[in-house]
Amino acid sequence: MQPFLVTGGTGKLGRAVVQRLDDGHREIRVLSRRAQPPGAATSYRHMVGDLRTGDGLDAAVRGVGAIVHCATTYGKGDVTAARNLIDAALRSGSNPHLVYISIVGVDVIPVPYYRDKLAAERMIADSGLPWTVQRTTQFHDLVATFFAWQRRLPLTLTLQRFRFQPVDVRDVADRLAGLAMGDPAGRAPDIGGPQVRDMRDLATAYNQAHGLRRRVVPLRVPGRIARGFADGANLVPHNGVGTFTFDDFLVGQRKDNGG
C-alpha cells in the first residue's frame with residue numbers, strides 16, 4: 001500500500017486529515033519546514049521540506065500514492081508552493097493523486113489571495129498528474145476570528161449584506177480523506193457548512209456565546225469584492241455538509257477555553 005503525504009499536516013486542517021487517513025495500515029507522511037522535536041511520539045512519518053524552495057520535496061513525495069495539499073502561505077507563495085510540489089511529484093515517477101483544498105468563489109470574488117488559489121488550481125489541473133480540487137466555504141474559526149479581533153472595541157462591526165456558510169474543519173477533513181483514498185475527481189462538487197447565515201446574525205451569536213453585550217453595526221462596503229460576497233458567490237446552499245454549526249463551534253470554543 002503506497003504512502004500518503006499531507007502538506008500542512010501540522011496545521012488545524014492538516015492534523016484532522018492525518019487522523020482520518022491514519023488507519024494503522026498505511027504510512028502517512030507529514031511535510032513540515034521544521035525538524036520534529038526530539039522524543040516526539042507520532043503515528044506518522046515526519047518529513048522536513050520547504051514548499052517555497054523545493055528543498056526536501058523529492059524525498060517527501062518518493063513513492064507516495066496520494067498527496068493532500070493543505071499547506072498555505074495566504075499569499076503568492078501558494079503558487080510557488082504548488083509549482084514546486086507538482087515538479088517534485090512529476091520527478092518521482094509514481095504519478096501520485098494530488099488533492100488540493102481551495103475556496104468557494106475564487107473564480108468570482110477578486111480577493112488577491114483567491115486569485116492565487118485559483119492560479120494554483122489551474123496549475124494542478126494542467127500538471128498532467130491525477131488531480132482533485134475541493135473548494136469549501138470559510139471555516140468556523142475564520143469567521144469567529146473576525147469578531148475576536150474586535151473584542152476591545154465597544155461595538156461589533158459587520159459588513160452589510162454579507163452572508164457566510166461556515167463549515168467545520170472536521171467535516172472538510174472527512175471529505176479530503178475520502179477524496180484522497182478514491183479516484184481522481186477533477187473539480188469535486190463545492191461544499192459548505194449546514195447553515196447559510198447573515199454576518200450580523202453570526203456576530204450576535206458570537207457575542208452572546210462570549211457574554212459580550214455590544215451593539216452590532218453593519219457597514220456598507222463598495223467594490224467588486226464586496227459585491228461578490230453580497231451576491232452569494234461564496235455560498236453553496238445546495239450542498240451543505242456535516243452537522244457542526246457555528247453555534248456548535250462556539251460551544252466547543254467555550255469549553256476549550258474553560259468557559
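Source: prediction; values computed, not measured.
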*Could you tell me whether R224 and D231 have a side-chain N and a carboxylate O separated by less than 4.0 Å?*
no
With hydrophobic residues grouped by side-chain heavy-atom distances under 4.5 Å, do V221 and F147 end up in a single group? yes
Taken in chain and number order and not counting sequence neighbours, the residues that satisfy side-chain contact (heavy atoms from CB on, under 4.5 Å) with D22 are I28, S43
Residue set satisfying salt bridge (Lys or Arg N to Asp or Glu O under 4.0 Å) with D168, at least two apart, ordered chain then number -> R170
- Task: Ignoring hydrogens and angles, tell me if any N or O in the side chain of D78 forms a donor-acceptor pair with the backbone of D116 under 3.5 Å.
- Result: no
Quick note, side-chain hydrogen bond (donor to acceptor under 3.5 Å, both in side chains) partners involving residues 48-60, not counting sequence neighbours, are D50-R52, T53-D55, D58-R91
- prompt: Got a salt bridge between D247 and R197, using NZ or NE/NH1/NH2 to carboxylate O under 4.0 Å?
  reply: yes
If you group Ile, Leu, Val, Met, Phe, Trp and Tyr by side-chain heavy-atom gaps below 4.5 Å, do Y114 and F139 land in one group?
-> no
Side-chain donor-acceptor pairs of residues 158-166 under 3.5 Å, sequence neighbours excluded:
from	atom 1	to	atom 2	distance (Å)
Q165	OE1	V236	N	2.8
Q165	NE2	G193	O	2.9
Q165	NE2	V236	O	3.1

Members sharing L235's hydrophobic cluster, built from side-chain contacts under 4.5 Å between Ile, Leu, Val, Met, Phe, Trp and Tyr, are V196
Contacts satisfying ring-ring contact (aromatic ring centres under 6.0 Å, His included) that involve residues 14-33 (not counting sequence neighbours) are none
Verdict with reasoning, K117 to D107, per salt bridge (Lys or Arg N to Asp or Glu O under 4.0 Å): CA-CA 9 Å; K117 294 290 282 187; D107 52 347; over 6 Å; no
Those residues at least two apart in sequence (or on a different chain) that pass salt bridge (Lys or Arg N to Asp or Glu O under 4.0 Å) with D23 are R26
Check your understanding: Just by distance, with hydrogens left out, do Y206 and R151 show a side-chain donor and acceptor under 3.5 Å apart?
Key -> yes
By salt bridge (Lys or Arg N to Asp or Glu O under 4.0 Å), R115 pairs with (sequence neighbours left out) none
Apart from L157 itself, its cluster of hydrophobic side chains linked below 4.5 Å comprises L155, V217, L219
Members sharing V79's hydrophobic cluster, built from side-chain contacts under 4.5 Å between Ile, Leu, Val, Met, Phe, Trp and Tyr, are L5, L31, M47, L51, L57, V61, V64, I67, L85, I86, L90, L98, Y100, M123, I124, L129, W131, V133
Side-chain donor-acceptor distances from residues 177-190 under 3.5 Å, at least two apart:
from	atom 1	to	atom 2	distance (Å)
R187	NH2	D190	OD1	2.9

Apart from L153 itself, members of its ILVMFWY cluster (side-chain separation under 4.5 Å) are none
Using the six-membered ring wherever Trp is involved, compare the ring planes of F146 and W149 and label them parallel, tilted or perpendicular (cut-offs 30° and 60°). tilted
